[in-house]
Colleague: 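Sharing a structure below in structure tokens format, with a few things to ask.
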Amino acid sequence: MKKTLAERVRNQNCKECELHLSANSVCLMGRGPVPCRLMIVVDAPGFQDDETGRPMVGRVGSLLDESLAAIGFNRRDFYITNLVKCRPMEKQKILKIQEKACRHYLDDEIEAVKPEFILTMGNTALSVVKKSGIMKHRGNVLPLGDAQVFPTIHPAAVLRNPRNEMLWKTDLEAFARLVKGESGATPTRTYLVNNQKTLNLCLDAILKSKAVAYDLETNGFEEYVPGAKIATISVSPKPGVAFVVPIHHPEAPWKQPERVLGAITTALAYTPAKRVAHNAKFDDRWLHQFGKPVYADFDTMLAAHIMDENRLKGLKPLAQMLLGVDAWANVDLAKGGAMVEDLKKLAKYNGKDSDYTLRLYYKFKEQLTVEGNERSLRIFTKIMMPASRCLTDIERTGMWLDQERMAERLIEINRRLEKLTTRLTKLAGEEVNWNSSQQMSAILFGKLKLPVIEMTDGGAFSTKESVLLRLRDKHEIVPLILEWRGYAKNRGFLEGWGELLDGNSRLHANYKLAGTVTGRLSSGKEEGNRGRGLNMQQVPRDPLIRSILGAPPGWRFVEADFSQIELRIAAHYSGDQTLQRLYQLGEDVHMQMAVSMTGKPASEVTKEERKKAKAVNFGFLYGMGAKKFVEYARDSYDVEVSLEEAKIVRDRYFEKFAGILPWHQRQRRIVHNYKRVQSLIGRVRHLTDIDSEDEDVQAEAERQAINSPVQSLASDLMLLSLVTLHDEMDPEEALIVGTVHDSILFQIREDTTDKWTSRIKEVMENLPLKKKFGVELEVPIVVDIKVGQHWSEGEEI
DNA sequence: AGTCAGCGCGCG
DNA sequence: AAAGCGCGCGCTGACT
């Protein structure tokens, strides 16, 4: 009798890795017809698979069956198997060594099954094509011998998080199209603009369209560095059409490429059409650098984000999910990027980018104008789009760096680090890489036998700062390590800045308007973690470091801070009478808190006690427990508090501010009922985790429901200030050079400082919330302004 | 040469 | 019963 594939290939006595020890079904083979045109590969058997001896049973299996039915297939159409044949240990990830041991079984299966198409699910299964990074590769067909591999996410990811469902369905539909030989969506008619006649057609189309999307292919991520080039620009005046204009690409036919770009940017700047781009700030910065200023009216990335802050926001996943199109190729950066890519190929990708951006625009425009989305639309048009445009300028302007100061301080830091390293080596008795927590731990807890205070999540002995602080008196090496870490960290910042400087001694940050779930800005590298960029939000507060940044001669550096903004907003939301009255009277709330907690009069409250009170304000406000407060007080403020003391402090807090707990309860009720919360002006945070079966996860969502509307509004107040001031300011007199959550940084010409500082205060303290959003704050907003030559050295005015 | 997770830490 | 929230980055060490 003929043996089945499983019988031929399976080895139930396999001992090639440790997994055979714990698995019920050792070497569990796949199931399905042999040969078979279609194959599914997932990571490894689950608990139920292991029990039953069949792949893909249980909840994951049911999801698979439903999903296959939805695309017109059945699991019997597939040979379904696992990459690793034995069930991995509980909650342990699959090791490469296990994959390797098993690989020959899979290869035998593939050889026998002879699939044309292999659907791999999850990052682990992706390694059948020796790739990693499922979110990058999903939806892109990869070859494996005679077969085509189509990677998608793991169905368990969909069960774990409903957010992934759309992506999963989208991928399976694309897979079905691949198998049936169908193509996704209507094609893009791409015109390569390589002569004056087509250029004129393109310009004409820009000027006559209702909405025009544009997208650049560049040779890098920083437009201001020498050698920066725009390979092509693609313009889509209507869906299904793209004009791709080569600019600096070697195959471009123009004698004066800047003039061509000038013509296009002029048309874009003056067209009555809506200017649309995906992550427009990037394209606009480059266009400004090489052509004329263009500012987008509609950013599809931001539109996606305002409606769902949790979703993927890249052009490709959005187009795949919302337009039902297949994945399309990217410029291959590994091969040298856009400038070396064949122009015809490049034009094809670039054309798709702008075409799909335009199609997304029509989709999002419709979604944003449906009933119920009025407030999101208002935030989008009145805050996000204007903020995107002014951040374009802020990023281009950059922040001045005092190179003399930096050089001096770097020398000093290096000198101290050298000294410290010598002493550390002596004390350790060997050469140690003090950057390695592993090596440091070996010295401290192994060699020197210091007591272990805390474990890391990964089970190592923690060497973090709070641990070292508690070991400070146990060995003379500890304070030296702390000192070393501080200097090493600072050196890292300065060296980083040195590499980022442009020719005018300025640093350019990159801000993301769609980088956080609350609507705050994030700062750092370009979209997709690419390129380099100053992170304005984590410049050390240490004056030795921070004051290296500032204003060049002739200008003043001005910092405008919202004072205790989150606490004020919480006072508004909660309606807490005590907190509101304190702010109306202009009291020092942290001091008040200290007074109420200690029972002492303000004059007797120590600095330490006020610090403790500040920690209370932020911690308890957002749901911190007594236990955490003990740690927090110790680690952050070097104040020892017993658990009993902490409980009393916590109780007193909620007694004094009696409106806080009811407000927490209201937020909890809202998030349980609606699975989302909103800020005063209507920015939404979706919290589907509130329905999690895990109570810790639920509790987390509840705390987020409390924090989000506060953080969110604080951020929107800042952004509103940013756009208002940016609109007013004459760049000859005043420039915005950065922002950090609740503060805005300016560079203001000396002779106009008084005028502008009072205007800044006026604007930020009296934002037109009533006029623009129909709401009002019950609490006064106060802005502190510091003026100086360098950051952190300013005088309060 | 690139990618990834873990750790530790910078900021609000 | 137990519970702050929101980020990005550099480095190591392990891997492809």
Side-chain angles (χ1 to χ4, degrees), chain A residues 93 95-97 99-100 123 126-127 129-134 136-137 309 333-334 433-441 454-468 482 485-486 488-493 495-496 509-512 515-525 529 532-542 545-546 561-562 564-566 570 615-629 631-632 635-636 647 650 664 668 685 695-712 714-715 718 739-743:
Chain A
K93 64 172 203 168
L95 304 173
K96 286 285 159 200
I97 190 164
E99 274 182 46
K100 260 189 193 152
N123 194 38
L126 188 56
S127 70
V129 277
K130 305 211 182 308
K131 300 270 192 219
S132 174
I134 185 60
K136 185 174 145 196
H137 292 290
E309 73 287 358
L333 289 169
N433 179 353
W434 298 101
N435 264 325
S436 160
S437 46
Q438 221 173 80
Q439 294 184 33
M440 187 184 289
S441 160
E454 215 179 298
M455 306 294 283
T456 67
D457 289 345
F461 301 149
S462 173
T463 64
K464 65 181 177 189
E465 192 172 11
S466 64
V467 167
L468 296 184
L482 280 164
R485 271 216 181 132
K489 189 84 187 177
N490 283 347
R491 177 171 63 179
F493 275 99
E495 283 174 346
N510 178 53
Y511 294 94
K512 291 184 199 171
T516 75
V517 287
T518 58
R520 265 191 174 182
L521 296 181
S522 75
S523 172
K525 293 179 187 169
N529 262 336
R532 317 170 304 161
L534 168 69
N535 185 336
M536 276 298 298
Q537 294 173 342
Q538 56 190 104
V539 175
R541 306 190 66 192
D542 182 347
I545 305 302
R546 196 167 268 205
D561 272 67
F562 281 113
Q564 300 168 54
I565 187 68
E566 289 197 11
V616 174
N617 282 334
F618 289 103
F620 291 159
L621 184 65
Y622 297 134
M624 184 170 69
K627 198 175 144 213
K628 173 81 184 197
F629 175 68
E631 288 169 37
Y632 191 55
D635 296 349
S636 308
K647 279 182 183 152
R650 190 169 182 274
H664 285 185
R668 289 196 175 94
R685 171 93 185 261
E695 286 184 18
D696 289 348
V697 174
Q698 264 193 48
E700 192 180 355
E702 289 176 357
R703 294 193 299 277
Q704 288 163 334
I706 292 163
N707 171 274
S708 266
V710 179
Q711 194 181 107
S712 186
S715 167
M718 189 279 291
T739 164
V740 191
H741 303 308
D742 59 2
S743 69

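Chain identifiers are assigned alphabetically (A, B, ...) following the order of the sequence lines, protein sequences preceding nucleic acid strands; residue numbering begins at 1 within each chain.
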Colleague: Are the side chains of A/T463 and A/R485 in touch, meaning some heavy atoms are under 4.5 Å apart?
Modeller: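 Yes. Closest side-chain heavy atoms under 4.5 Å.
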Colleague: State which of C/dA3, B/dG12, C/dC9 makes the closest approach to the side chain of A/V740.
Modeller: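 Nearest listed nucleotide: B/dG12.
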Colleague: To the nearest angstrom, how far is A/Q438 atom CD from B/dA5 atom C1'?
Modeller: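 In whole Å, B/dA5 C1' and A/Q438 CD are 13 Å from each other.
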Colleague: Contact between A/V517 and A/R685 at the side-chain level, heavy atoms closer than 4.5 Å - yes or no?
Modeller: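 A/V517 vs A/R685: side chains touch.
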Colleague: How many whole angstroms separate atom NE2 of A/H137 from atom C1' of C/dT16?
Modeller: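 Result: 12 Å.
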Colleague: So, is A/R685 close to the C/dG6 phosphate, meaning a side-chain N or O under 4.0 Å from OP1 or OP2?
Modeller: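 Yes, A/R685 has a side-chain N/O under 4.0 Å of OP1/OP2 on C/dG6.
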Colleague: Looking at the base of C/dC5, is there any donor atom on it, or on the side chain of A/Q711, that sits under 3.5 Å from an acceptor on the other one?
Modeller: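 Side chain to base: pair found, below 3.5 Å.
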Colleague: For residues A/Y622 and A/E566, is any side-chain donor paired with an opposing acceptor at under 3.5 Å?
Modeller: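 Yes, a side-chain donor-acceptor pair sits under 3.5 Å.
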Colleague: Counting side-chain heavy atoms from C-beta on, which of C/dC9, B/dG12, C/dG4 comes nearest to A/N535?
Modeller: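 Of the candidates, C/dC9 comes closest.
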Colleague: Verify the contact: side-chain N or O of A/N433 to OP1 or OP2 of C/dT12, cut-off strictly under 4.0 Å; return yes or no.
Modeller: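 For A/N433, the contact criterion (side-chain N or O under 4.0 Å from OP1 or OP2 of C/dT12) is met.
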Colleague: Under 4.0 Å, counting only non-hydrogen atoms across every strand here, what does A/E566 touch: a base, just sugar-phosphate, or nothing?
Modeller: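 Touches nothing.
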Colleague: Can you identify which nucleotide, out of C/dT12, C/dA3, C/dG4, has its nearest atom closest to the A/M624 side chain?
Modeller: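 Looking only at heavy atoms from C-beta outward on A/M624, the closest nucleotide is C/dG4.
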Colleague: When you get a sec, tell me which of C/dC11, C/dG6, B/dG10 is the closest nucleotide to the side chain of A/F493?
Modeller: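 When the side chain of A/F493 is considered, B/dG10 is the closest of C/dC11, C/dG6, B/dG10.
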Colleague: Answer with yes or no whether A/R485 presents, from its side chain, a donor or acceptor under 3.5 Å of a partner atom in the base of B/dG8.
Modeller: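 No, no donor-acceptor pair under 3.5 Å.
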Colleague: Using a heavy-atom cut-off of 4.0 Å across all strands, would you classify A/G524 as base, sugar-phosphate, or nothing?
Modeller: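 Sugar-phosphate contact only.
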Colleague: Measure from CG on A/L468 to P on B/dC7 and round the result to the nearest Å.
Modeller: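 Atom-to-atom, A/L468 to B/dC7, this comes out as 16 Å.
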Colleague: Nearest to the A/R650 side chain among B/dG8, C/dA3, C/dG8, which nucleotide is it?
Modeller: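 Nearest listed nucleotide: C/dA3.
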Colleague: Could you check if a side-chain atom of A/H741 sits within less than 4.5 angstrom of a side-chain atom of A/M718, using non-hydrogen atoms only?
Modeller: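 Counting from C-beta outward, A/H741 and A/M718 never come under 4.5 Å.
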Colleague: A/Q704 CD to C/dC7 C1': how many Å, rounded?
Modeller: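 Those two atoms, CD and C1', are 13 Å apart.
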Colleague: Considering just the side-chain nitrogens and oxygens of A/R703, establish if one lies under 4.0 Å of OP1 or OP2 belonging to C/dA2.
Modeller: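 Indeed not, no polar side-chain atom of A/R703 lies that close.
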Colleague: May I have the distance from A/L521 (atom CG) to C/dG8 (atom P), rounded to whole angstrom?
Modeller: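 Rounding to the nearest Å, CG of A/L521 and P of C/dG8 are 11 Å apart.
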Colleague: Measuring from the side chain of A/E465 (C-beta onward, heavy atoms only), which nucleotide among B/dG10, C/dC5, C/dC9 has the closest atom?
Modeller: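 The answer is B/dG10.
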Colleague: Could you please name the option among B/dG10, C/dG4, B/dC7 that lies closest to any side-chain atom of A/P540?
Modeller: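 For the A/P540 side chain, the nearest candidate turns out to be B/dG10.
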Colleague: Hey, are the side chains of A/H137 and A/V129 touching, using non-hydrogen atoms and a 4.5 Å cut-off?
Modeller: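 No, side chains not in contact.
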Colleague: Give the nucleotide from the list C/dG13, C/dA3, C/dC7 with an atom nearest to the side chain of A/R668.
Modeller: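 Nearest listed nucleotide: C/dA3.
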Colleague: Is the base of C/dG6 touched by the side chain of A/R520 through a donor-acceptor pair closer than 3.5 angstrom?
Modeller: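 Such a pair is found, so the answer is yes.
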Colleague: Find the distance A/L126:CG to B/dC4:P and express it as a whole number of Å.
Modeller: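 Roughly 10 Å, once rounded to whole Å.
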Colleague: Of A/Q537 and A/S436, whose nearest nucleotide on DNA chain C comes first from the 5' end?
Modeller: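 Final value for this comparison: A/Q537.
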Colleague: Which part of the nucleic acid, if any, lies within contact of A/S715, taking any heavy atom under 4.0 Å across all strands shown: a base, the sugar-phosphate backbone alone, or nothing?
Modeller: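 Counting heavy atoms under 4.0 Å across all strands, no contact is made by A/S715.
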Colleague: Within the structure, does a side-chain N or O atom of A/K628 lie under 4.0 Å from either OP1 or OP2 of C/dG4?
Modeller: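 For A/K628, the contact criterion (side-chain N or O under 4.0 Å from OP1 or OP2 of C/dG4) is met.
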Colleague: Would the number of heavy atoms belonging to other residues, nucleotides or ligands and lying under 6.0 Å from CZ of A/F461 be above 12?
Modeller: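 No.
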Colleague: Does a side-chain N or O of A/T518 approach OP1 or OP2 of C/dG6 to a distance below 4.0 Å, or not?
Modeller: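 Negative; the distance criterion is not met.
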Colleague: Write down the distance between CD1 (A/I134) and C1' (C/dT16), rounded to a whole number of angstrom.
Modeller: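 About 17 Å, once rounded to whole Å.
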Colleague: Using a cut-off of less than 4.0 Å, is there contact between a side-chain N or O of A/S708 and OP1 or OP2 of C/dG6?
Modeller: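 No, A/S708 has no side-chain N/O under 4.0 Å of OP1/OP2 on C/dG6.
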Colleague: Describe the nucleic acid contact of A/D696 in one word from base, sugar-phosphate, nothing, applying a heavy-atom distance below 4.0 Å.
Modeller: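 No contact.
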Colleague: Looking at C/dT12, I'd like to know if its phosphate oxygens (OP1 or OP2) sit under 4.0 Å from a side-chain N or O belonging to A/Q439.
Modeller: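 Checking A/Q439 against C/dT12: no side-chain N or O falls below 4.0 Å of OP1 or OP2.
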Colleague: So what does A/R546 touch, heavy atoms closer than 4.0 Å: a base, only the sugar-phosphate, or nothing?
Modeller: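 The residue A/R546 makes sugar-phosphate contact but no base contact.
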Colleague: So do the side chains of A/M440 and A/N435 get within less than 4.5 Å of each other, counting heavy atoms only?
Modeller: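 Result no, sub-4.5 Å side-chain heavy-atom pair not found.
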Colleague: Looking at B/dA5, which nucleotide sits across from it as a Watson-Crick or G-U wobble partner, both distances under 3.5 angstrom, or is there none?
Modeller: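 Its partner is C/dT12 (Watson-Crick or G-U wobble, both distances under 3.5 Å).
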Colleague: Verify the contact: side-chain N or O of A/T456 to OP1 or OP2 of B/dC7, cut-off strictly under 4.0 Å; return yes or no.
Modeller: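 The answer is yes; a side-chain N or O of A/T456 sits under 4.0 Å from OP1 or OP2.
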Colleague: Going through the checks in order, is the side-chain contact (heavy atoms from CB on, under 4.5 Å) test met by A/D561 and A/D742?
Modeller: CA-CA 6 Å; A/D561 272 67; A/D742 59 2; 4.2 Å; yes
Colleague: Would you classify A/V710 as touching base, sugar-phosphate or nothing, given that sugar-phosphate means primed atoms plus P, OP1 and OP2, and contacts are heavy atoms under 4.0 Å?
Modeller: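 Answer is nothing: A/V710 stays at 4.0 Å or more from every strand.
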Colleague: Think A/S462 has a side-chain N or O under 4.0 angstrom from the OP1 or OP2 of B/dG8?
Modeller: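 Yes.
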Colleague: Students often get this wrong, so: under 4.0 angstrom with heavy atoms, is A/E702 touching a base, only sugar-phosphate, or nothing?
Modeller: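 Nothing, no nucleic acid heavy atom in range.
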